Amino acid sequence: MGQVLMSIVTMPSTANPLATPANEVFERDGCLTLSSLTTLADIELIRSLLDPLFDKFDTLGERAVDLAGPREAGVPLRSPEINEVVRLEPRLRSTLAYRRCRDIAAMLLGTPVGYQFDHAIFKPPLNQTATAWHQDESYSREPIPLRSVHFWIPLQPVTVENGCMWFVPGSNHNGLLPHYVASRRFSGPLAENTSVTLATKIVDESKAIACPLPLGGATAHHPLTLHYTGPNQTDAWRKAWILHFGAYGWFRKHLHPKVLAAKLGVGAHPPKLAT
Ligand SMILES: O=C(O)CCC(=O)C(=O)O
């Protein structure tokens, strides 16, 4: 896998991609661009498994939310997201993209990894909704820092215009920044408020780098790396599947000594939230 990875890794920064091993780049920049993670046929397969779920979005309950906030019945979705998609469509686990992400995460972290989370975000044409700057770690309620790699797999070519990923390389070294509640998430029209979308204002956007990608490409980032996607300003959908693989998978999450201690009420680690 090391060989394969070197041939598909490019860096969002300007450094020579072949000069530094991918795991060192990941450690340094907290982000990588994978120019050809998977095949076009595999992307087709992923689309064919995700599209039917978005077609019945309003029947999926709490897993389906609009990141853009509350929605009146009949009003189109602006930033629909489905969480833990592999639980709704287990055939996603057999895709080449899933298997390669797991292998690459193990290589980058230098340890066995397991599935931790996945979600899909579809941005309709002209959706007017950016995904604001944030660190994924801000969503974690775990008592131990996440040790994972988060893959963002677009299901069509992505550009700045349709909402590609942006990163601040190196921001993975500055710890968890204060986040505020950017919007409340609702599942279904006028349904219950299920959770919140977090964002941070502490971003030096002059250091941000856009990552346009061809079909079959992907990005990978560290849980502390600041990232953002812009609104979809085109007349076609922007679809993405996001996969998190982490050290020890379920065991680290549930049986790590600090997790067990937190369950007993010792040393909990709530996310930092600004008001
Ligand atoms: O797909 C998007 O627009 C944003 C994805 C993202 O920010 C994330 O998965 O943390």
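Atoms within each ligand, like the ligands themselves, are counted from 1 in listed order. Bear in mind that the values here come from a model prediction, so they are computed numbers and not experimental data.
Interface atoms of ligand 1 facing Ile121, defined by a heavy-atom separation under 4.0 Å, are 1 (O), 2 (C), 4 (C), 5 (C). Counting atoms of ligand 1 from 1 in the listed order, those under 4.0 Å from a heavy atom of Asp136 are 10 (O). Every atom of ligand 1 is numbered from 1 in the order shown, and the set under 4.0 Å from a heavy atom of Thr229 is 2 (C), 3 (O), 4 (C). Short contacts between ligand 1 and His119, defined as distances under 4.0 Å to a heavy atom of the residue, involve ligand atoms 9 (O). In summary, the atoms of ligand 1 found under 4.0 Å from a heavy atom of His227, numbered by their order in the structure, are 6 (C), 7 (O), 8 (C), 10 (O).
The shortest side-chain heavy-atom distance between Phe117 and Ile242 does not fall under the 4.5 Å cut-off.
Among Thr219, Thr131, Val158, the residue whose heavy atom sits closest to atom 4 (C) of ligand 1 is Thr131.
Side-chain N/O atoms of Trp237 and Asn232 include no donor and acceptor closer than 3.5 Å. A donor-acceptor contact under 3.5 angstrom links the side chains of His134 and His227, judged on distance only. Side chains of His150 and Ser148: a donor-acceptor N/O pair is present below 3.5 angstrom, by distance only.
Using a 4.0 Å cut-off between a side-chain N of Lys or Arg and a carboxylate O of Asp or Glu, Arg87 and Asp118 do not qualify as a salt bridge.
The side chain of Trp152, and not its backbone, has at least one atom closer than 4.0 Å to an atom of ligand 1 (non-hydrogen atoms only; side chain from C-beta on). At a heavy-atom cutoff of 4.0 Å, ligand 1 is contacted by no atom of Glu81, backbone or side chain.
Nearest to atom 7 (O) of ligand 1 among the protein's heavy atoms is His134 CE1, 3.0 Å.
Using a 4.0 Å cutoff on heavy atoms, Lys123 counts as a contact of ligand 1.
A 6.0 Å sphere centred on CZ of Arg93 holds more than 12 heavy atoms belonging to other residues, nucleotides or ligands. No more than 12 heavy atoms of other residues, nucleotides or ligands shown are found within 6.0 angstrom of CG on Asp235.
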